[in-house]
Structure formats: C-alpha cells, structure tokens
Amino acid sequence: MSSDIYNLSAVELIKLYAKKKLSPVEVTKNIIQRVKTIDKKINSYVFIDEKNAIEEAKQSEKRWMQNSPKGKLDGVPTSIKDLLLTKDWPTLRGSKSVDKNIDWVDDSPVAARLKEAGAVLLGKTTTPEFGHRGTTQSPLTGITRNPWNLDCTSGGSSGGSASAVASGMGPLSIGTDGGGSVRIPCSFSGLFGIKPTFGKIPAWPLSPFGTIANLGPMTRSVMDGALLFSVISSPDWRDWHADTKMDSDFVEKLSEDIKGKKIAYCPDFGMKYAMKPNTIQTEVAEIVKNTVKLLEVSGAEVDEIEIEWASDPKKAFHILWTSGAAFLSRSFSDKQMQILDPVFREFCEIGSQHSLFDRLEAEASRGSNGTVINKIFQKYDYIVGPTMPTTAFLADKLVPEGWGEDLFAWTPFTYPFNMTCHPAVSVNCGFSNGLPVGFHIIARAHEDGEAFVCAAAVEKIVDLLGEWPSL
C-alpha cells in the first residue's frame, strides 16, 4: 500500500488506523517523502517541520494502538496557510516585511483545534503577500504552480494549500478567503473548498480586511471537507464574532437527497459587467451548464435566473479590500513599504485615500446586496453557477491573457458572496483541456450544511474523485 498512501483521504486514513492496518508514522513519512520528491516542481510549502510531524505521528500511533484516539483527525497529515498563527512556527504571510526572528507563542483558533483533534501538522503553505490576490506569487517564496499543469497557476491566495492537497502532499489544508482565496484555487486545482457563513470558523487575530475575510477547509473530497469543518468550526473565545450555536458536523448530512431541492442557476451571477470586454470561457460555461442538467436529472428543480444587484459589488469590494490593505500597512516603515510586492503596495496607497464616507457607503452596499440574495432564497434552496470564468492560466501572470491589468475583473463570481456573508462552495465538475473547472454553490446564511449537501451531490454525479494529476 505504501506507494498509494498519498491517494488516501482523511476519512480512509482514520478507518485504516482504527483497524490497525496503517500507521500514522508510515503515512507521515510517506507524505513527507512525497513533498521532498515533487514540491520542488510546485512550491506549495513555505517549510515542512519534519521532526515535529514525525514525533506527533508517533504519539498518534500510540493512541491508536491503545484504541484511544485524541480526536476526529488523529494522525491525519494537515497543512496550514502561512497567514495563520501556529505556535513555534514563523507566520511570514508571504512577505519579506515580516520579522521572523520573534517569539511565535500563539496558535490561531484553527491551529489549536487541529492540535486538539490530533492532526499531524506538516508545515505552512505559500501565499501571495498578505493574501492580496488570486494568484500565488510572492517576494518571499516565488511562484506556486498547478499540479494539473506546471506551467499554470494554482490560483490564490490559498494556492500553496490547493497545490499541496491536489498533488497528494497531505489530504487536508486550511485556507483563507477574503474575496475567493479558497474557492479560486479549489476551482483551478480540482478541489472542494468552502467560504463559510461569516463567523462560523473562528479567527484570531481578526483580519485587517474585516468581515469579508474567512477561513475554510480545502480537501479533495466533500466528506473530508465536512470532517475538517466539524473540527475547525468549534468556537474560540478570542473571536468575538464566533458563532457558538450552529451545528457544524455535516458528515451525516452528505447522504441526503437533493430531489425536490429548488436551484437557481445563474451563469454569471449578475457580474457580466465586471468582466467586460471579456466573457466566461465557452467550455467552462458548457461544463457548468451540463452539471446543472445532471442535478436536474437527479431530481432537483432548476430555473435559470438573473441577479440584479442593488449596487455595484465590485466597487464596494475594491474600497473595502484596499482600505484593509492600507490599515494593515499603517505602521510600516519606509523600508518595509519599499520591499512590498508592488501590487500590494499600490493597494495600500489606494486604500489610504478612501474617506470614512467611502467606507460607510461600501458597507451600505453590502447590506442592500445581501437583501437581494436573501430575496432569491425566499424561493430557492441554492444559487449555482461557475466558480471562475476561466481555467488556470500561466503561473507567472497576474491575470489571464487578454484580460488587461484589472486584478478584480477575472474573479467576479467569488467576492460578491464575501460581501453578503453567505456560505459559498466550489467543487470540481469537469476538465477543460486537462484543467479543472469549479462549480459554485451558494446557500442561505447559516445553512452551511446545505452547501455541503449540494456539493456532495455534484461530486457523486460527476464522479471525478479518482482523477489525479500526472506530474
């Protein structure tokens, strides 16, 4: 089995541990060796803590031999995006401006929950500087590539996490999503990922990007995503937004039927204007539309709709995102500002020019547009469409060829739902020229479990979990 260990899901690993057919030590060593073998091609990891990971695996093995696992993820190799604090590991955020020579004494809530559940933490994954864009290149770590085509980007800003999971360098990873940064790379890399209802997964320190910023699991299967979600969504007293009431264990829900569910299919999520003069790739649109038809064949009731936003989501998002960048960098020295990624530095400069009324107007826009989406949910259970208008493009580019220089133009379907705070999922639904295509599912606020149910239905009907990049 050893040569195929990296293929195993977290759910499969747990079952094999329980039956004493596989050891967490064997699995961890296998995954670390895979990282050593292939990550030089991909650049998913900032670093691997091999010594600590093997020691954690040894402790996990002892617990399994005694039939006393520590938690739901005991012995499962897991990575964490390098925006999230992890005790004793530097969190450099893809930036040369961060001093690594300080005492790293805190665990973020998700890191704490993973440790409590017995996960084997492998290391930190790459991110563009401070997670500021939808591709993963940074002054600190360089370019991260897509395992389905090494010439292409894995997306971003959780690109390291996506490439690691998609290539078998650990079945689970934690990403962040402030405008699509979980869903964009999941779409480009053929993974499942969710931006939850805001506040469902606790965060600390709170993001400078405010309530548009979220954390989410990134996995190959919906089942693994549900398992990981159930762990990292446990509340943490340090996050005053954290939801302490909603059930977050959706593993048993995944077998639910979508027969009779009402689906609103929106091919462009009302964001056609934001892409002009470009449009969604023809084959991407066709693959998504065919997936909608398969859901209809499975018993769902589907209507094609248009979304008419009350105000411009792109304008409001741009104001809030650049304001967050300016807030983050407000105490940077001149030296720190000069070594920033030029694009991020420009965001900081733009954001510093926004007035208080600009911010208040952007927040008001969020409210009016949230009401638009809530009105749709008075009739429908889900809103679906493409996660991205394109498949992955060249890894050294910031935008697809022919899309100009606007970093917000080619990601128009993801950030609107950061603004409205609804749970939003991406799940693989097919391939175009060998590159994955993401299917985007939006559910009612606080009904994250329903998004998992629909994603599981898509995963079942397209039946692509056996597909792996050849590298």
Side-chain angles (χ1 to χ4, degrees), residues 176-184 193-203 206-216 233 239-246 248 261-274 303 305-324 354 356-387 408 411-426 440-452 454:
T176 67
D177 191 315
S181 289
V182 162
R183 291 161 289 154
I184 295 167
I194 181 172
K195 179 208 75 66
T197 300
F198 177 77
K200 186 54 206 159
I201 297 178
L206 295 177
S207 170
F209 298 98
T211 59
I212 59 176
N214 304 261
L215 311 175
S233 57
D239 183 355
W240 67 288
H241 289 296
D243 185 336
T244 61
K245 298 178 181 178
M246 187 175 69
S248 61
K261 293 288 187 180
K262 295 181 178 180
I263 296 177
Y265 164 49
C266 190
D268 59 16
F269 291 103
M271 297 299 291
K272 186 183 298 184
Y273 76 93
D303 292 327
I305 70 161
E306 293 184 5
I307 295 176
E308 296 183 3
W309 298 99
S311 56
D312 185 353
K314 184 179 178 182
K315 178 183 177 181
F317 178 76
H318 188 271
I319 290 170
L320 294 176
W321 187 255
T322 55
S323 296
H354 295 311
L356 173 61
F357 289 116
D358 291 335
R359 291 251 341 162
L360 290 173
E361 183 179 12
E363 290 291 350
S365 172
R366 295 181 69 182
S368 60
N369 284 333
T371 301
V372 168
I373 300 303
N374 284 345
K375 184 177 181 180
I376 295 172
F377 282 127
Q378 300 308 299
K379 182 177 180 181
Y380 297 100
D381 298 296
Y382 307 115
I383 306 169
V384 305
T387 307
F408 298 94
T411 61
F413 307 148
T414 54
Y415 61 76
F417 300 103
N418 292 77
M419 300 289 280
T420 68
C421 296
H422 292 85
V425 158
S426 184
H440 205 195
I441 303 163
I442 319 302
R444 294 184 181 93
H446 307 291
E447 293 190 10
D448 299 55
E450 289 300 315
F452 276 88
C454 189

> So, does Trp309 use its side chain to make a donor-acceptor pair with the main chain of Val372 at under 3.5 Å?
Replying inline: no
>> For the backbone of Asp312 and the side chain of Tyr273, can you confirm whether one donor and one acceptor N or O come within less than 3.5 Å of each other?
In response: no
> Would you find more than 12 non-hydrogen atoms of other residues, nucleotides or ligands less than 6.0 Å from Glu363 atom CD?
Replying inline: yes
> Who are the side chain to side chain donor-acceptor pair (under 3.5 Å) partners of His440, not counting sequence neighbours?
Replying inline: Arg183
Is there a side-chain contact between [X] and [Y] (heavy atoms, below 4.5 Å)?
{"X": "Arg366", "Y": "Leu320", "value": "yes"}
{"X": "Phe413", "Y": "Asp268", "value": "yes"}
{"X": "Val182", "Y": "Lys195", "value": "no"}
{"X": "Pro412", "Y": "Phe269", "value": "no"}
{"X": "Asp177", "Y": "Asn418", "value": "yes"}
{"X": "Pro416", "Y": "Met271", "value": "yes"}
{"X": "Thr387", "Y": "Ile184", "value": "no"}

> With sequence neighbours left out, what residues match Phe198 under ring-ring contact (aromatic ring centres under 6.0 Å, His included)?
Replying inline: His241
If you round to the nearest 0.5 Å, how far is [atom2] of [Y] from [atom1] of [X]?
{"X": "Lys375", "Y": "Ile307", "atom1": "NZ", "atom2": "CD1", "result": "13.0 Å"}
{"X": "Cys454", "Y": "Ile383", "atom1": "SG", "atom2": "CD1", "result": "11.5 Å"}
{"X": "Ile441", "Y": "Asp381", "atom1": "CD1", "atom2": "CG", "result": "12.5 Å"}
{"X": "Glu308", "Y": "Ile376", "atom1": "CD", "atom2": "CD1", "result": "9.5 Å"}
{"X": "Ile263", "Y": "Ile442", "atom1": "CD1", "atom2": "CD1", "result": "12.5 Å"}
{"X": "Asn369", "Y": "Thr420", "atom1": "CG", "atom2": "OG1", "result": "8.0 Å"}

If you take all heavy atoms of [X] and [Y], which pair is closest and at what distance?
{"X": "Ser368", "Y": "Ser365", "answer": "OG-O, 2.9 Å"}
{"X": "Ala264", "Y": "Ile305", "answer": "CB-CD1, 3.6 Å"}
{"X": "Lys200", "Y": "Ser248", "answer": "CE-CB, 3.5 Å"}
{"X": "Tyr382", "Y": "Ala443", "answer": "CD2-CB, 4.4 Å"}
{"X": "Ile212", "Y": "Phe317", "answer": "CD1-CE1, 3.8 Å"}
{"X": "Asn374", "Y": "His422", "answer": "OD1-NE2, 2.8 Å"}

>> Ring-plane angle category for His318 and His354, please: parallel below 30°, perpendicular beyond 60°, tilted otherwise.
In response: perpendicular
>> So, applying side-chain contact (heavy atoms from CB on, under 4.5 Å) with Ser233, which one of Asp448, Ile201, Leu215, Thr197 is it?
In response: Ile201
>> Assess the residue pair Trp321 and Tyr415 against the criterion (side chain to side chain contact (heavy atoms under 4.5 Å, CB included)); give the C-alpha distance rounded to whole Å, side-chain angles, the decisive distance to 0.1 Å, and a yes or no.
In response: CA-CA 10 Å; Trp321 187 255; Tyr415 61 76; over 6 Å; no
